[in-house]
Amino acid sequence: HKVSNIDPETKILAVNDEQIPFRQLIMATPSHITLQLLRPLTGFDEITGKLTQLQHNPVCTIYLQYPPHIRLPLPMLGCINSTSEWLFDRVHCGQPGLIAVIISADGPHMLWTNEELTNRIITELSQLFPDWPKPVSAQVVREKRAGFYCHINVDAVRPRIRTANPHI
C-alpha cells in the first residue's frame, strides 16, 4: 500500500484512498521516500536536510532457478575475486533450487545488460560448482538506491532515529 500523506497534527495517514488514524508512526521506508513524505511537513527540517545529503549505493540481485536438488553447501556463501559477492540458497525460504546472487555497490556490472550479467554469473558459478546444470531461468533485479553510501563521517548526515514529533 502506498502512503501518500502524513498529517502529524490529526495523526492521520493517507494510504491509497483510505484515511488511517495512528497513535505512533514508525517510518521504515527508504530515505528518498521518507524525504518525500516529510518534506511538506513543518518541524522536520533537520531530518529532511540530512536526508538530502545522503548518497546511495545500488544492489543487484540475480536469481537463478536450478532444479530443486541443487543446493549450496551453506545457506549463505561469500565470494572473493569474482563479480558475485554473496550467494544465498533460497531453499531456506521454501524455494528449492533458487540461488540468489548479490552484488553490492556500484561497478561495471551496472552497465552490462541483464543477459551479459547473467551469463557472467552463470560462468562464475559453474567454476565453483562444476557439477551443477545450467539454470532453467534467471531474473535480474537492480535496485539503484538500495542502501545509503557508507563513507567517512556518514553519521554526520544520517538522521537520528527519533524525530522532534512524539508521534512520528
Side-chain angles (χ1 to χ4, degrees), residues 1-6 13-18 20 22 24-38 47 50-152 154-155 157-159 161 168:
H1 301 286
K2 185 175 180 181
V3 176
S4 58
N5 187 43
I6 300 168
L13 190 65
V15 179
N16 296 335
D17 294 329
E18 292 184 65
I20 301 173
F22 65 87
Q24 184 70 46
L25 181 63
I26 297 172
M27 296 183 69
T29 54
S31 59
H32 66 283
I33 300 297
T34 304
L35 181 62
Q36 180 183 341
L37 290 168
L38 293 182
I47 290 173
K50 288 185 173 195
L51 288 173
T52 59
Q53 297 176 59
L54 276 180
Q55 298 170 330
H56 297 89
N57 267 336
V59 169
C60 191
T61 306
I62 302 91
Y63 294 98
L64 299 171
Q65 182 64 62
Y66 291 92
H69 70 279
I70 296 298
R71 302 274 316 264
L72 291 175
L74 295 167
M76 177 181 106
L77 295 175
C79 300
I80 299 173
N81 298 325
S82 67
T83 305
S84 307
E85 293 179 341
W86 299 100
L87 308 177
F88 291 89
D89 192 336
R90 300 286 299 190
V91 72
H92 303 283
C93 303
Q95 298 169 310
L98 186 62
I99 304 298
V101 180
I102 311 298
I103 308 167
S104 302
D106 206 358
H109 64 280
M110 293 301 287
L111 301 175
W112 300 338
T113 67
N114 288 351
E115 184 179 4
E116 290 169 327
L117 179 58
T118 300
N119 289 336
R120 175 78 160 258
I121 298 305
I122 290 170
T123 300
E124 289 179 3
L125 290 184
S126 69
Q127 292 168 356
L128 291 171
F129 307 101
D131 295 337
W132 284 12
K134 289 193 180 247
V136 294
S137 66
Q139 180 180 1
V140 176
V141 177
R142 298 172 191 258
E143 299 173 71
K144 293 180 182 167
R145 292 182 286 195
F148 64 89
Y149 173 62
C150 294
H151 56 82
I152 296 172
V154 70
D155 285 337
V157 296
R158 287 181 68 189
I161 294 172
I168 299 177

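When reading the values below, keep in mind they use all heavy atoms of this one structure, side chains included, and skip hydrogens, waters and symmetry mates.
The side-chain contact (heavy atoms from CB on, under 4.5 Å) test with Ile102 is passed by exactly one of Ile62, Leu87, Val59: Val59.
Trp132 meets the ring-ring contact (aromatic ring centres under 6.0 Å, His included) test with Tyr66, Phe129; sequence neighbours excluded. Evaluation of the side-chain contact (heavy atoms from CB on, under 4.5 Å) rule for Asp17 yields no partner, not counting sequence neighbours. Annotation: salt bridge (charged side-chain N to carboxylate O under 4.0 Å, His left out) contacts of Glu85 (sequence neighbours excluded): none.
Looking only at side-chain heavy atoms (C-beta outward), Leu54 and Leu35 stay at 4.5 Å or farther from each other. Counting only heavy atoms from C-beta outward, the side chains of Thr118 and Leu64 approach each other to under 4.5 Å. Side chains of Ile6 and Phe22 form a contact here, defined as non-hydrogen atoms less than 4.5 Å apart. Under the 4.5 Å side-chain criterion, counting only non-hydrogen atoms from C-beta, Cys93 is not in contact with Leu98. No side-chain heavy atom of Arg90 sits under 4.5 Å from any side-chain heavy atom of Ile99. Considering only heavy atoms from C-beta on, Leu38 comes within 4.5 Å of Met27 through its side chain. Between Cys60 and Met110 the shortest side-chain heavy-atom distance falls below 4.5 Å.
If you take NE2 on His32 and CG on Leu37, they are separated by 10.0 Å, rounding to the nearest 0.5 Å. We find the OG1-NE2 distance between Thr83 and His109 to be 8.5 Å, quoted to the nearest 0.5 Å. Atoms CD and OG, on Glu18 and Ser4 in that order, are 11.0 Å from each other to the nearest 0.5 Å.
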Please determine whether side-chain contact (heavy atoms from CB on, under 4.5 Å) holds for the pair Val3 and Thr29, giving the CA-CA distance in whole Å, both sets of side-chain angles, and the decisive distance to 0.1 Å. CA-CA 10 Å; Val3 176; Thr29 54; over 6 Å; no
